[in-house]
Amino acid sequence: MRTFAIMKRVLVEMLRDKRSLALMFLAPILVLWLMSVIFTANSTTSVEVGTVGVTSSVSANLNRVKHVNVHHYASQNNAKKAMKADKIDAIIHKTGNDYSLTYANTDSSKTSAVKMAFRNALTQTNIGQMKAQLGKAQETIGKLQKTLPAPVQKQLRSQMPAPKKAAAPQITNHYVYGDSSTGFFDKMLPILMGFFVFFFVFLISGMALLKERTSGTLSRLLATPVKRYEIVFGYMASYGVLAIFQTILIVMATIWLLGVEVVGSVLNIIVINLILALVALAFGILLSTFANSEFQMVQFIPVVIIPQIFFSGIIPMDSMASWIKDISYIIPIKYSGDAVTGIMMQGKNLSSFGLDIGVLLIFLVVLTILNVKGLKRYRKV
């Protein structure tokens with residue numbers, strides 16, 4: 001009976017906590033729906049290929065490959081400029097009978113798609129050329145045979161040599177980032193780096209401030225003449241110092257421990273992730289004001305953190321519906337991921353990511369203002 005009484009008390013308390021019930025039952029449904037939308041919509045990836053000096057037959061066969069778009073350039077320099085501007089994923093340059101393929105290689109799946117599409121296009125072109133040459137040869141031989149006596153025609157047919165196989169073109173591969181062993185995990189790393197920075201700063205700051213509130217420390221502080229914005233800035237500054245060291249540790253461990261190739265500046269990567277850490281800090285503090293316990297704070301993770309993974313760019317969104325892409329514009333990790341990817345894989349400077357940095361700063365300012373306003377509900381005097 002005592003066991004039953006304890007069970008009844010716990011159930012009654014849980015049923016009274018409407019917020020926990022909503023998070024417990026609605027969060028899994030939300031996550032499952034997001035997974036369905038992401039994984040069913042993203043079935044193909046489009047590839048942009050630039051060609052220089054490539055024959056029309058190879059270009060036409062390449063363009064017939066599904067999800068491959070061909071762009072023609074007059075020179076190798078023009079094609080390289082287009083690749084630097086992220087307009088194309090690979091360059092196919094023909095010199096004589098040989099081919100030189102240059103891959104951006106920031107996405108190994110696109111590199112593999114270009115290789116396969118080029119091999120298929122080249123094979124189809126060679127088969128077409130052999131058929132055309134064989135047809136012409138047979139036509140010429142047929143005309144000559146008609147002018148010769150029957151015994152001679154029979155002898156010629158028996159002595160006719162097999163058609164010579166054309167010399168195979170030499171194909172050389174070049175990679176702007178990494179090499180042939182670069183995999184999809186290398187593309188994920190810049191985004192994963194930001195995700196771990198965001199997740200741990202969000203969790204630690206949210207839990208720490210919640211403990212301050214539940215223990216009564218925050219209430220006593222709010223009873224003093226201290227301004228609300230001074231309290232928010234004080235907490236953000238203190239946790240911000242910890243966030244700086246944590247961010248530097250995560251970035252350095254990701255780069256050196258995993259042996260990641262970095263084309264750009266490591267300092268620029270740290271700067272971007274520090275801004276993201278401040279956004280996570282402000283976000284964690286804000287959500288802690290709505291949580292009544294550590295249990296509720298943990299329950300916010302599926303609602304807040306998991307969408308960050310789905311819409312951050314870890315899963316390619318090139319072929320998704322426009323409304324799905326629009327969701328990614330309210331995800332902070334999307335902007336930090338784009339910037340860090342550009343710095344790490346293409347060697348770009350911070351000046352190239354003014355929009356991404358600006359959006360992250362807007363997130364930071366808006367969340368800080370909401371934190372100041374959110375403390376108003378706890379001020380008793």
Side-chain angles (χ1 to χ4, degrees), residues 44-126 129 166-191 255 259-265 268-269 313 316-319 337-349 352-353:
T44 57
T45 301
S46 296
V47 179
E48 307 296 325
V49 179
T51 60
V52 181
V54 176
T55 58
S56 58
S57 57
V58 174
S59 296
N61 288 326
L62 192 62
N63 210 24
R64 289 192 191 103
V65 180
K66 257 189 170 184
H67 310 295
V68 174
N69 303 313
V70 179
H71 308 271
H72 305 284
Y73 295 94
S75 66
Q76 182 84 338
N77 287 335
N78 292 340
K80 285 182 177 179
K81 287 178 182 178
M83 179 178 283
K84 194 172 182 180
D86 296 328
K87 293 181 180 178
I88 56 176
D89 303 300
I91 301 170
I92 301 175
H93 183 204
K94 185 179 182 184
T95 307
N97 193 44
D98 300 330
Y99 291 91
S100 173
L101 277 72
T102 304
Y103 310 97
N105 207 32
T106 54
D107 188 338
S108 61
S109 60
K110 291 186 176 183
T111 300
S112 300
V114 172
K115 288 180 178 180
M116 186 177 297
F118 177 69
R119 283 197 297 267
N120 291 339
L122 199 59
T123 301
Q124 290 176 7
T125 302
N126 291 337
Q129 288 175 351
Q170 185 178 355
I171 301 171
T172 55
N173 296 313
H174 307 279
Y175 302 88
V176 175
Y177 177 79
D179 50 34
S180 58
S181 63
T182 301
F184 188 70
F185 185 67
D186 294 87
K187 174 181 168 57
M188 294 170 58
L189 269 178
I191 303 170
I255 292 173
V260 181
E261 179 182 349
V262 179
V263 179
S265 170
N268 290 343
I269 294 175
M317 305 180 68
D318 296 342
S319 60
D338 289 346
V340 173
T341 299
I343 295 168
M344 184 179 291
M345 294 187 166
Q346 298 172 325
K348 294 182 178 180
N349 297 318
S352 303
F353 302 102

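Quick note: numbers below take in every heavy atom, side chains included, and nothing from hydrogens, waters or symmetry partners.
- From Asn120, atom CG reaches atom CG of Asn61 across 9.5 Å, with rounding to the nearest 0.5 Å.
- Within the 3.5 Å criterion, the main-chain N or O of Tyr177 finds a donor-acceptor partner in the side chain of Asn105.
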Please list every donor-acceptor pair under 3.5 Å in which a side-chain atom of residues 168-176 meets a protein atom from a residue at least two apart or in another chain.
unit_1	atom_1	unit_2	atom_2	d
Asn173	OD1	Tyr103	OH	2.9
His174	NE2	Ser100	OG	3.3
Tyr175	OH	Lys115	NZ	2.8

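- Of the possible polar contacts, none joining the Asn63 side chain to the Ser59 backbone as a donor-acceptor pair under 3.5 Å is found.
- Considering CG of Leu189 and CE of Met345, their distance stands at 7.5 Å, rounded to 0.5 Å.
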Problem set entry | Leu62 vs Ile92, side-chain contact (heavy atoms from CB on, under 4.5 Å): CA-CA, chis, key distance, verdict | CA-CA 11 Å; Leu62 192 62; Ile92 301 175; 3.6 Å; yes

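- In terms of heavy-atom proximity, Ser46 sits nearest to Asp89 at O-OD2, 4.3 Å.
- Nearest heavy-atom pair, Ala113 versus Val47, reported as atom, atom and distance to 0.1 Å: CB-CG2, 3.8 Å.
- Here the closest non-hydrogen pair linking Val68 and Ala117 is CG2-CB, 4.0 Å.
- Heavy atoms only, all atoms of each residue included: Glu48 and His71 are closest at OE1-NE2, 2.6 Å.
- Legend: ring pair (Phe, Tyr, Trp, His ring centres under 6.0 Å) pairs involving residues 105-125, not counting sequence neighbours, sorted by first then second residue: Tyr99-Phe118.
- In plain terms, the two heavy atoms of Lys94 and Gly96 that are nearest each other are CE-O, 3.0 Å.
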Output a table of donor-acceptor pairs, distance under 3.5 Å, between side-chain atoms of residues 77-88 and any protein atom two or more places apart or on a different chain; print 'none' if there are none.
unit_1	atom_1	unit_2	atom_2	d
Asn78	ND2	Ser75	OG	3.2
Asp86	OD1	Gln346	NE2	2.5
Asp86	OD2	Lys348	NZ	3.2

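- Atom CG in Asp338 sits 11.0 Å away from atom CD1 in Ile343 (nearest 0.5 Å).
- Residues Val52 and Gln76 come closest through the heavy atom pair CG1-N, 3.9 Å.
- How far CD1 of Ile255 is from CD of Glu261: 11.5 Å, rounded to the nearest 0.5 Å.
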